[in-house]
Each structure stands twice: as structure tokens, then as C-alpha cells.
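As C-alpha cells, the structure follows; a few thoughts come after it.
Keep in mind it's a predicted model, so treat the numbers as computed, not measured. Here is how names work: the chains are called A, B, and so on, in the same order as the sequence lines, proteins then strands, and each is numbered from 1.
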There are 2 protein chains.
Amino acid sequence: MASTRTELAIKAGYLFQQRGYHGVGLSEILESAGVPKGSLYHHYPNGKADLALAAAEIAATEVLRIIDASFDEAATYRDGVTTYCYKLAKYFDIHEGKIGCPVSATLLGGPDNAVFRETLSAIYSRWMDRLAEHAVRFGQSAAQADHNARRLFLSLEGSWTLARARGDSNVIRELPSLVCEAT
Amino acid sequence: MASTRTELAIKAGYLFQQRGYHGVGLSEILESAGVPKGSLYHHYPNGKADLALAAAEIAATEVLRIIDASFDEAATYRDGVTTYCYKLAKYFDIHEGKIGCPVSATLLGGPDNAVFRETLSAIYSRWMDRLAEHAVRFGQSAAQADHNARRLFLSLEGSWTLARARGDSNVIRELPSLVCEAT
DNA sequence: CAAATAATAGACCGGTCGGTCTATTTGATA
DNA sequence: TATCAAATAGACCGACCGGTCTATTATTTG
């Protein structure tokens with residue numbers, strides 16, 4: 001098992017993704033991670049807010065990892081997009097369709113804090129930049145790559161929401177044909 | 001002023017859209033609407049949950065109205081999309097960039113309730129269907145129309161999220177060039 | 001081994017949560 | 001005007017919230 005500190009952030013992350021920052025109480029997080037309250041405030045002196053930022057950071061990095069894994073093994077840009085969407089759909093299913101974008105529920109639902117919004121904005125930019133890098137690697141111009149990265153990202157955010165509402169991950173799997181021009 | 005019942009739902013809606021179902025307390029809703037607690041439970045016997053459903057329904061209808069207003073006065077499908085996005089961006093600005101999709105924060109952030117998810121799913125379908133109807137009206141085939149409606153809807157949901165994170169409504173205004181093929 | 005530090009453990013606190021309940025006021029109807 | 005339901009008003013409740021604090025146990029380090 002990961003360190004207590006990491007374990008807390010991961011478990012808190014799952015819960016935040018399901019029911020939002022204010023929808024989850026500390027007691028539930030603590031119980032889910034099997035950790036007493038003293039440990040939480042030892043590792044995260046600012047409590048819930050710290051924990052949410054850490055959880056978002058971990059989730060954001062995990063998504064970057066998935067992006068790389070998807071595009072590194074791809075033959076074309078569209079292949080990468082397809083693999084990426086399938087991996088995310090699988091992730092969605094594993095969590096019983098109760099989970100949305102790994103960071104938006106945590107950070108947008110949180111306190112009206114500027115730090116939260118800026119962190120979220122930075123994470124989104126990181127994702128889009130990475131997607132664009134891969135697009136460039138497959139021969140797209142910088143402008144094309146940015147265009148396609150943003151298009152994919154925005155649609156994906158929407159798909160996550162629609163998938164949760166419908167309880168159906170296929171919405172995510174259908175994305176490639178929606179965002180990529182017909183071959 | 002609208003009836004107490006409607007006023008409550010509207011004000012509650014704005015607050016839910018900003019901070020999610022669990023992020024807003026009854027006391028704040030009551031204060032915002034200038035209504036005592038007794039009235040709330042008179043008009044909405046099931047309390048907060050009822051109120052959220054009513055708020056979502058009102059917001060959903062308002063969006064349909066905006067869709068119609070945008071496409072009815074348009075010369076082409078793309079014109080309609082552009083007007084639609086501009087209207088929504090303006091709505092976003094009016095509320096100081098603190099507001100997201102008028103229904104997702106309210107219903108997805110709410111109780112883990114099946115009714116909430118089904119209501120949300122139905123609202124989304126209504127929006128996409130209406131968008132597709134207008135697309136057909138501009139000469140698109142049923143398949144094209146569905147494709148474009150879903151593409152617009154998903155990107156728009158994403159744009160709302162990104163706009164909130166960045167505090168910038170231009171993300172929404174840039175949508176038409178992102179989701180419509182180059183003219 | 002001794003001392004210091006890190007980490008765990010959980011009792012406890014004031015405040016706020018959503019919800020209930022009784023009382024009063026308002027407005028329609030006879 | 002008398003009656004009755006609709007609506008308003010807000011005191012009150014137990015539960016839970018995030019957070020603080022002290023005590024104890026592990027772990028490192030001299």
C-alpha cells in the first residue's frame with residue numbers, strides 16, 4: 001500500500017470525483033482510507049483543502065500518464081485518440097459509472113478559492129498541451145495540433161458528464177468518430 | 001417578482017450552479033430569496049431535493065428558449081451556433097464567470113439519487129434533440145444533424161467547465177470555429 | 001539504550017446542516 | 001363579516017461538519 005499520505009489523497013480523490021468537494025465529509029474519507037483524523041492533519045496541516053489539491057494533482061498526473069501510454073503505442077493520431085478514450089471509458093466502468101472528470105468535481109466544487117481555480121486551469125492546460133505535443137509528433141502543424149487538442153479535451157469533458165448522467169461509458173467510446181475527421 | 005415558489009427555485013438555481021448542491025445551505029438560499037423556511041417546505045415538501053429538481057427544470061427550459069431564439073433568427077446553421085454560444089457567453093459574464101452548466105452542478109453534485117441522474121439525462125437529451133431539429137431545418141440529414149448536435153453539446157459542456165476554470169468566457173465564443181467545419 | 005521526532009489515535013468543540021413543528025398572518029370564499 | 005385554507009414566519013432539533021488538541025505509539029538517530 002502507498003504511504004498514508006498518498007493513500008489519503010487517492011481515496012479522497014475518488015470520493016470527491018463522485019460527489020464533489022462539499023459532498024464528502026472528512027469522516028468518510030478517513031474511514032475509506034482507514035486513517036485517523038490526527039494523521040490527516042499531520043500530513044495535510046490545512047485539512048480538507050490541502051487534501052483536495054493533493055488529490056487533484058495525483059489524478060492529473062495519472063491522466064497525463066494515460067495520455068502518454070495511449071499515444072506512445074499508437075500508429076496514428078486517431079489511433080491514439082481511440083485508445084485514450086477506451087482507457088478512460090474503462091476507468092469510468094471500473095468505478096461503476098459514478099466518477100466524472102478526475103479533477104473538475106474536486107476543484108470546481110470546492111471553496112470559491114482562487115488557488116483552486118488556478119490549479120484547475122493549469123491542469124487543463126497541461127492536458128491539452130500534452131495532447132497537442134502528441135499530435136505534432138504525428139505530423140500535424142502547431143495550429144492543427146492545438147485545434148485538435150482543444151476539440152478533444154472539450155468533448156471529453158462533456159462526455160464525462162453525459163456518461164455519468166446516462167450511466168453509460170459508451171458515450172466516451174464514441175468520441176473518436178465525433179472529434180476526428182472521417183478517415 | 002415571480003411567485004415565491006418560482007423565485008425560490010430561480011435563486012436556488014443560481015447558487016447551485018455556482019457551488020453545487022452540497023455547497024449551498026438552505027439558509028443561504030432562503031436569505032437570497034428573502035423567504036422564510038416555512039414557505040420553502042410549504043411549496044417544496046421534500047425540501048432541498050425538490051428545490052434542486054425544480055431549479056434544474058427551470059434552467060433547462062430557459063436554455064431551450066435560448067436555443068430557439070438563436071436558431072430562429074439565424075441565416076445558416078453555423079450562424080445559429082455562433083449566436084447560441086455568444087448568448088451563453090454573455091450569460092456566463094453576467095454571473096461573473098462563476099456559473100457553469102445550469103443543470104450539471106445542481107443535479108450531478110446532488111444526492112446519489114437515480115431520479116437526479118435520470119432527470120439530468122433527460123434534460124441533456126432534450127437539448128441535443130432541439131439542436132438537431134434546428135440542424136435539420138437548415139437542410140442537414142438526420143444523421144448529420146445528430147452528429148453535429150452531439151458534437152456541439154459535448155464541446156459546450158467542456159467549454160463551460162474550462163471557462164469557469166479560466167474565468168474567461170471567450171472559450172465559449174471560440175466554440176463555433178472549433179465544432180463547425182471550415183466554411 | 002536514550003532522546004527526539006514522526007506518526008497515529010481519537011475525544012472534543014462550536015458552528016452549521018437539513019428538517020420539523022407550532023403559531024400567526026394573509027387572502028379567498030361563503 | 002365569518003370561515004377556512006394557503007402561505008408566511010421562525011424557534012427549535014439532532015446529526016454531522018471541519019478543525020483543534022492532548023495522549024500515545026513507532027521510528028529514527030545520537
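- DNA chain C lies under 4.0 Å from no heavy atom of any residue of residues 9-21 of chain B.
- B/L178 meets the side chain to side chain contact (heavy atoms under 4.5 Å, CB included) test with A/H147, A/R150, A/R151, A/L154, B/L175; sequence neighbours excluded.
- Note on residues 88-110 of chain A: pairs passing side chain to side chain donor-acceptor pair (under 3.5 Å), not counting sequence neighbours, are A/Q17-A/Y91, A/D93-A/S169, A/D93-A/R173.
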Counting primed atoms plus P, OP1 and OP2 as sugar-phosphate and everything else as base, spell out the protein contacts along nucleotides 20-29 of chain D at 4.0 Å heavy-atom distance: B, S or - for each nucleotide, 5' to 3'.
B---------
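- Here A/K48 pairs with nothing under the salt bridge (charged side-chain N to carboxylate O under 4.0 Å, His left out) rule; sequence neighbours left out.
- Side-chain nitrogen and oxygen atoms of B/T4 include none within less than 4.0 Å of the OP1 or OP2 phosphate oxygen of D/dA7.
- For residues 158-168 of chain A, no residue pair satisfies the salt bridge (Lys or Arg N to Asp or Glu O under 4.0 Å) rule, not counting sequence neighbours.
- Of the residues in residues 105-116 of chain B, none has a non-hydrogen atom less than 4.0 angstrom from any atom of DNA chain D.
- Residues that satisfy the side chain to side chain contact (heavy atoms under 4.5 Å, CB included) test with B/T6, not counting sequence neighbours, are B/A2, B/S3, B/I10, B/I58.
- Counting only residues at least two apart or in different chains, salt bridge (Lys or Arg N to Asp or Glu O under 4.0 Å) contacts with residues 28-39 of chain A comprise A/R19-A/E28.
- Residue pairs meeting the ring pair (Phe, Tyr, Trp, His ring centres under 6.0 Å) criterion with at least one member in residues 97-141 of chain A, sequence neighbours excluded, are A/Y21-A/F116, A/F71-A/H134, A/Y124-A/W127, A/Y124-A/F153.
- Every pair passing salt bridge (Lys or Arg N to Asp or Glu O under 4.0 Å) that includes a residue from residues 49-68 of chain B is listed here, sequence neighbours excluded: B/E57-B/R126, B/E62-B/R65, B/D68-B/R130.
- With sequence neighbours excluded, the residues that form a side chain to side chain contact (heavy atoms under 4.5 Å, CB included) with B/A135 are B/Y77, B/Q140, B/A145.
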